[in-house]
Structure formats: C-alpha cells, structure tokens
Amino acid sequence: MTRRILRSLAVTAAATAALALGLAGCAAQPADSDGEAAASGEAIRMGTQPWLGYGQWYVAEDQGFFTDRGVDVALSSFNADADVNAALAANRLDMANVGAQAALQFIEQGLDVSIVLMLDSATEADAILSGPGVSEVTDLAGKKVAFERGATSEILLAEALDAAGMSFDDVEVVEASADKVAPMLLAGRVDAGVTYEPYVSEALGADAGVSALVTAGEFPGLITDVLVVRNEVLDERPDEVREVLGAWDDAVTFTADHTAEAREIIATGVGSDVADLETAFDGVHYYSLAENRELLTGTYLTETLPALITVSERIGLLEAPVDAKTAVRAEFLGE
C-alpha cells in the first residue's frame, strides 16, 4: 500500500485558458498579469487556499514576520485547487501552496518549478464523508461519490477503495470541488464525498446524519502539502525566497508558543470558527525548517515522492514517471 501522497489538482488546458481570460470563479486578490516573472523589489506573489495546512502564512502576515524579514509577500487566496494551479501555470504567481502530486504534474507538463518546502501533513483534516446508509467503504458500491478529480481527494478515495478491494469503476463518480462536496452531501444529492477542513467540520456539525467514513489518518503520511516556486524566481531572487521560508518558520514557532492566538488567526484566514476546527487543528502537523532540512533531502525524497509517483501513475494522474530527485531544491532551507 502506498503510504505517502499529497494534495491538489492537475492543470488542464481548459483551466489554464480560463485563467488567461480572467480567472473566472477565482476569489483572489489582483496579481500582475503581464505574464513575466516579478522583478526584484516587487512583491512575491503567493497563491494559497482556505486550508488549515497553509495557515502559517496567515500567521506570518498577521504577526509581521514578512516585514521583519524585509520581504514583501502578496497572498492571493483561491477557492478551488484548479484556480491556484492554473494561476501558477499562467505565470500569475511566483509560488503556490499545492500538493506534491500537483507539483509533479507541473513538472511532467513542462512547468519549470521546484518543491522548496514541506508545509504540513494531515490526519483528521481530510476525510471521506458519508450520509445515512453508508457505514463501510464497501457500501459505496453503486453509490454517488463526489470529489475533485486530480486532487488529493481523488488520491484518498483511490487508496480507500483499493484497500477495500474496489476501484472507481465500482462507484458513480460525481465531480465537484472540495467546497461544493459538503453542501451536495447535506442536500442528499450524493451518498458520499471527499473534502477537507473547514468543510469537514461544517458537514459533521450540521446534525444531518453525516459521518466520517475514512480519514487521512488511516493512511499515515497520505496528505502532505508543499510550497512550489518558479525556478526563475529561485535563481533571480534567492535571498527573498529564503526569507519567505524563514517567515514560515517564525510562524511555526509562534504557533507552538501561542497556540490559541495562532489558531484564531488561522481560523479567521480560512473563514471558519476556531471552536469548530479544534479536532482538525489537532490532526495537522506543520513542518519547521529544521524538519525540512532532515526530511526534504531524506525520506521525503527517497520514499514519499516515489510513492506518490506510483499511485499517481496507477490512477492516471501522471502519464509518465517523474524523477523525484529533480523535483526538489532544498538549498533555501538554511543550515
């Protein structure tokens, strides 16, 4: 069984074209649209989403850690994986928070980016939710299951089905972004769905008979997020990139020392109530720079990414193998 895989959606030609026409459906702040990499002295354009795993960027912004380190970072928040990935593909972002699976897809498709930082791993914060009448994975046979194609939602579902001796052929696939899954399930339009926090807590707290059928914790290491950066930015603005990563580390330290305050900041950033996310917070681990220095050139490189490549090929998210060693640049982590 593959053990370590990650979050996010492949960039399709249609999504990229939609982005070039104006990013319809995107809830981002404006980004430069000249299609050229930002020059030194301009803001580093970072794409993110309302997901707990990216929450340390909200802490860094709120606490002034970017300013303290002399780097200007413009955070742009997107509602769907497809939008942030397409923004990166269309050169409207310098860096983006995605899953390694998405990063590998970028590389396979010729986008010149590298993984520079492991952000988080999740256990309870990603889940397959089910409605009444579905208490085991095998109960999904013939049922409508909503999830986002190409995202870690698809990977979590694929692994859960595989463990139960099933495949996507055994369920009725309903394509939906993570933010749409819970409303569809609560409305009875689907029998189950795959999503992540804060949507998991919202669905479980609705008192509508929804339960967590499978969580990522049943597949240790399955859900892990990374920061990818354009190689031209890494080459032209290396000091700024180092300071961005330093600000992440400052935020991780602040969260460890001031957990309640940091969780309030993150909950506000993702648009939810901190009380509703307590279990989810407990199920997310944020990686420090020290941990990155150990793992990003260690087991993450030798075990996690190869496992990701294997499962992504199996379910058709990668058409060809990617050399894991070429996907990572760890020289910005410090010593």
Side-chain angles (χ1 to χ4, degrees), residues 3-9 46-62 65 75 77-78 81 84-85 95-104 115-127 151-153 155-156 178 194-201 215-229 244-257 259 262-263 265-270 272 274 277-296 298-301 303-305 307-308 328 330 333:
R3 305 302 291 177
R4 292 178 173 266
I5 356 252
L6 328 183
R7 176 185 307 285
S8 219
L9 180 70
M46 181 192 293
T48 187
Q49 289 180 263
W51 154 241
L52 295 183
Y54 307 152
Q56 298 302 328
W57 299 124
Y58 300 126
V59 175
E61 184 175 54
D62 182 86
F65 295 143
L75 296 180
S77 184
F78 297 77
D81 291 353
V84 66
N85 294 345
M95 54 180 61
N97 299 273
V98 300
Q101 167 261 337
L104 294 172
I115 297 169
V116 301
L117 184 71
M118 295 171 58
L119 300 170
D120 69 275
S121 59
T123 54
E124 306 301 317
D126 288 75
T152 21
S153 294
I155 294 174
L156 177 57
V194 193
T195 188
Y196 49 81
E197 293 290 3
Y199 312 120
V200 170
S201 291
T215 68
E218 297 178 40
F219 301 92
L222 182 69
I223 304 299
T224 309
D225 297 300
V226 299
L227 181 70
V228 295
V229 184
V244 170
L245 303 194
W248 169 273
D249 200 51
D250 294 340
V252 171
T253 299
F254 179 87
T255 298
D257 295 338
T259 303
R263 287 185 173 186
I265 294 168
I266 295 171
T268 299
V270 302
S272 190
V274 68
L277 297 177
E278 183 175 353
T279 300
F281 273 119
D282 291 340
V284 174
H285 175 75
Y286 297 106
Y287 291 100
S288 67
L289 288 191
E291 289 174 307
N292 268 271
R293 286 190 286 269
E294 176 184 355
L295 297 172
L296 198 56
T299 56
Y300 187 82
L301 187 65
E303 298 178 12
T304 302
L305 291 184
L308 167 64
V328 172
L333 297 172

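Everything numeric in this text was worked out from a predicted model, so none of it was measured. By convention here, the first residue in the shown sequence is residue 1.
Interatomic distance, Tyr287 OH to Ser121 OG, rounded to the nearest 0.5 Å: 3.0 Å. A distance of 6.0 Å separates CG of Leu333 from CG of Leu289, quoted to the nearest 0.5 Å. The distance from atom OG1 of Thr268 to atom CG of Asp62, rounded to the nearest 0.5 Å, is 8.5 Å. Note that CE of Met95 is 12.0 Å distant from OG1 of Thr48, once rounded to the nearest 0.5 Å. Between atom CD of residue Gln56 and atom CG of residue Asp120 there is a gap of 9.5 Å, rounded to the nearest 0.5 Å. Atom CG of residue Leu227 and atom CH2 of residue Trp248 lie 8.5 Å apart, to the nearest 0.5 angstrom.
Here the closest heavy-atom approach between residue Thr195 and residue Ala178 is recorded as OG1-O, 2.9 Å. Considering all non-hydrogen atoms of both residues, Gly53 and Tyr286 come closest at O-CE2, 3.6 Å. Here the closest heavy-atom approach between residue Ala103 and residue Ile115 is recorded as CB-CG1, 3.8 Å. Contact detail for Ala330 and Leu296: the closest heavy-atom pair is CB-CD2, 4.2 Å. Ala60 and Ala247 get closest at one heavy-atom pair: CB-O, 3.9 Å. Between His285 and Glu291, the shortest heavy-atom contact is NE2-OE2, 3.0 Å.
The side-chain hydrogen bond (donor to acceptor under 3.5 Å, both in side chains) check on Trp57 picks up Asn97, with sequence neighbours excluded. Taking the side-chain hydrogen bond (donor to acceptor under 3.5 Å, both in side chains) definition, one finds that Ser201 meets it with Glu197, sequence neighbours left out. With sequence neighbours excluded, the residues that form a side-chain hydrogen bond (donor to acceptor under 3.5 Å, both in side chains) with Asp250 are Arg69. Applying the side chain to side chain contact (heavy atoms under 4.5 Å, CB included) rule to Glu294 yields no partners; only residues at least two apart in sequence or on another chain are considered. In this view, Ala267 and Val274, Leu277 satisfy the side chain to side chain contact (heavy atoms under 4.5 Å, CB included) rule, not counting sequence neighbours. Applying the ring pair (Phe, Tyr, Trp, His ring centres under 6.0 Å) criterion to Tyr58, with sequence neighbours excluded, gives no partner residue.
A donor-acceptor pair is defined here as one N or O able to donate and one able to accept, closer than 3.5 Å; no such pair exists between the side chain of Thr299 and the backbone of Leu295. Checking side-chain atoms of Asn292 against main-chain N and O of Met118 turns up a donor-acceptor pair under 3.5 Å.
Using a 4.5 Å heavy-atom threshold, the side chains of Phe281 and Ile266 count as touching. Using a 4.5 Å heavy-atom threshold, the side chains of Val98 and Val226 count as touching. When side chains are defined from C-beta on, Tyr199 counts as touching Pro50, because their heavy atoms get closer than 4.5 Å.
Taking the six-membered ring where the residue is Trp, Tyr54 and Trp51 present perpendicular rings, their angle passing 60° and hence far from 30°.
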Check against side chain to side chain contact (heavy atoms under 4.5 Å, CB included), Val328 and Leu305: CA-CA 10 Å; Val328 172; Leu305 291 184; 3.8 Å; yes

Thr253 and Phe65: CA distance, side-chain angles, deciding distance, side chain to side chain contact (heavy atoms under 4.5 Å, CB included) verdict: CA-CA 11 Å; Thr253 299; Phe65 295 143; over 6 Å; no

